[in-house]
Colleague: 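Shown below is the structure under consideration.
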Amino acid sequence: MGIVEPLLLWYGKNKRDLPWRHNCTPYRVWVSEIMLQQTRVEAVKNYFVRFLQAAPDIPSLADLPEEKLLKLWEGLGYYSRVRNLQKAAKLLVSRYGGQMPASYAQLLELPGVGSYTAGAVASIAFGLPCPAVDGNVLRVWMRLTADGADIADPHTKRQTEAALRPLMPVGRCGDFTQALIELGALVCVPNATPKCAVCPLADFCKAHRQKEEQCYPVKKPKPPRRVEQRTILLLEQAGRIALRKRPAKGLLASLWELPGFDGTLSQEQAIAAVRSLGLEPVRLQPLAPAKHIFTHVEWHMTGWQVQLAPLPDTHRLVWATEQELRERYSLPSAFRPFLQKFLQT
DNA sequence: AACGCGGGGCT
DNA sequence: AGCCCAGCGTT
């Protein structure tokens, strides 16, 4: 007796009603899987619905202007995902007639698609017997087998894929993939508090039998974040705010930002910074400090609100109205504290 | 193998 | 404050 039957039975009764579980075409499954990478279901739901309205199929995604694309992704994070998504869409149009290929190996070739996503699309959208091992599945499997291997080690993921492959139930591969993930999300949850009392696999679970659920999964600790001091300028001119385009590579690539400088600038230094942008300040007022935590870096930000003398030279800045800030330019969440008074929505 | 890449919710 | 999340690409 194996885990497959009780797991599928449990899934049938307990699966959540999610937007991408309706009309689950390969394209919709693919987009949802990209959005869900390192991102919680609740955060994705609304983005997914809005994205599918703006780009209902692969050709329309391929044709979307970059600015619209980034605006649709604004606030979701890991922005290279959406760039790779469109890159792949263009490739699908040119190579596969605008269709998703129905093979694991071909899916894996698409930019932004790794072993997990290829397995998820292959099994969920095409019914192929390909395992899809994400953080949920790793946690479930390590507990089920009481395996103390480091889940951050790629080898552990490959081993888990190998162990699951022969279990893929013909005809229900997509349900099996989603059931494992759903179990990890709803029952075999992280933070050492799995709900074993309602788990359909409790009888099969080695960690549970040993009363050692809390010991799994094992993961090597991450290195500490570095802290960066930044000074942000809220440059105002005739009711507009200055924005600057970030570089195409690196952190928050190609998004817009409030102009900023390394370090914590005094008022005198801030005046010099404003002048370095080719602008002439009339008055500076300090803004409330704000902190923003990324995965690998922490920004400690101070800010100056700056009224400017009228000047024609915009010097690589754009001047955005409140409406443009809301509807056109894509800004990272890090700057939101400094824009509250302009974006009181 | 290690690192860069967002943002938010939970403990 | 730290952990984790339907991970992937680069070096």
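Labels below follow one simple rule: chain letters A, B, ... track the order of the sequence lines, proteins then strands, and each chain is numbered from 1.
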Colleague: Hey, which of these two, G112(A) or D134(A), hits DNA chain C nearer its 5' end, going by closest nucleotide?
Modeller: D134(A)
Colleague: Taking OP1 and OP2 of dG4(B), is either one under 4.0 Å from a side-chain nitrogen or oxygen of T295(A)?
Modeller: no
Colleague: Could E228(A) and R226(A) be called an ion pair, given the rule that one side-chain N must be under 4.0 Å from one carboxylate O?
Modeller: yes
Colleague: When you compare dA6(C) with dC3(B), how far apart are their C1' atoms, in angstrom units rounded to a whole number?
Modeller: 22 Å
Colleague: It should be established whether K220(A) places a side-chain nitrogen or oxygen under 4.0 Å from OP1 or OP2 of nucleotide dA2(B).
Modeller: yes
Colleague: Please report the distance, rounded to the nearest Å, between CD in Q38(A) and P in dG7(B).
Modeller: 14 Å
Colleague: Report yes if a side-chain nitrogen or oxygen of Y79(A) is closer than 4.0 Å to either non-bridging phosphate oxygen (OP1 or OP2) of dG7(B); otherwise report no.
Modeller: yes
Colleague: At under 4.0 Å, does any side-chain N or O of S80(A) touch on OP1 or OP2 of dC8(C)?
Modeller: no
Colleague: So does H22(A) get a backbone contact from the side chain of R28(A), meaning a donor-acceptor N/O pair under 3.5 Å?
Modeller: yes
Colleague: Start at the 5' end of DNA chain C and walk down; is the nucleotide closest to R16(A) or to N84(A) reached first?
Modeller: R16(A)
Colleague: At under 4.0 Å, does any side-chain N or O of K222(A) touch on OP1 or OP2 of dC5(B)?
Modeller: no
Colleague: Please determine if a side-chain N or O atom of N136(A) lies less than 4.0 Å away from the OP1 or OP2 oxygen of dA6(C).
Modeller: yes
Colleague: Below the 4.0 Å mark, does dG7(B) have OP1 or OP2 next to a side-chain nitrogen or oxygen of H292(A)?
Modeller: yes
Colleague: Can you check the M142(A) CE to dC4(C) C1' distance for me, whole Å?
Modeller: 17 Å
Colleague: At under 4.0 Å, does any side-chain N or O of R81(A) touch on OP1 or OP2 of dG6(B)?
Modeller: no
Colleague: Rounded to whole angstroms, how far apart are CD on Q178(A) and C1' on dA6(C)?
Modeller: 10 Å
Colleague: Quick one: N191(A) CG to dC10(B) P, roughly how many Å, whole number?
Modeller: 11 Å
Colleague: Closest heavy-atom contact between V44(A) and M35(A)?
Modeller: CG2-O, 3.4 Å
Colleague: So if I take every side-chain heavy atom of D153(A) and compare against dA1(B), dA6(C), dG7(B), which nucleotide ends up nearest?
Modeller: dA1(B)
Colleague: Ignoring hydrogens and angles, are the base of dG6(B) and the side chain of T39(A) linked by a donor-acceptor pair under 3.5 Å?
Modeller: yes
Colleague: Looking only at heavy atoms, what is the nearest atom pair of K71(A) and L325(A), with distance?
Modeller: NZ-O, 3.4 Å
Colleague: Assess whether a salt bridge exists between E161(A) and K157(A), defined as any Lys/Arg side-chain N lying under 4.0 Å from an Asp/Glu carboxylate O.
Modeller: no
Colleague: Reckon R246(A) has a side-chain N or O less than 4.0 Å from the OP1 or OP2 of dG6(B)?
Modeller: no
Colleague: With clusters defined by side-chain heavy atoms of hydrophobic residues (ILVMFWY) lying less than 4.5 Å apart, directly or transitively, does L186(A) cluster with V189(A)?
Modeller: no
Colleague: Pick the nucleotide of DNA chain B nearest each of F294(A) and R226(A); which residue has the one closer to the 5' end?
Modeller: R226(A)
Colleague: What contact category does T117(A) fall into here, base, sugar-phosphate, or nothing, at under 4.0 angstrom with non-hydrogen atoms?
Modeller: sugar-phosphate
Colleague: Output the rounded distance in Å from NZ (K157(A)) to C1' (dG9(C)).
Modeller: 12 Å
Colleague: Atom CG of L186(A) and atom C1' of dG9(B): how far apart are they, to the nearest Å?
Modeller: 16 Å
Colleague: Can you tell me the distance, in whole Å, between the CG atom of L251(A) and the C1' atom of dG6(B)?
Modeller: 8 Å
Colleague: Measuring only the P atom in each nucleotide, how far is dG6(B) from dT11(C)? A whole number of Å is fine.
Modeller: 16 Å
Colleague: Any idea which of dC8(C), dG7(B), dA6(C) is nearest the R21(A) side chain?
Modeller: dA6(C)
Colleague: Rounded to whole angstroms, how far apart are CG on L331(A) and P on dG7(B)?
Modeller: 10 Å
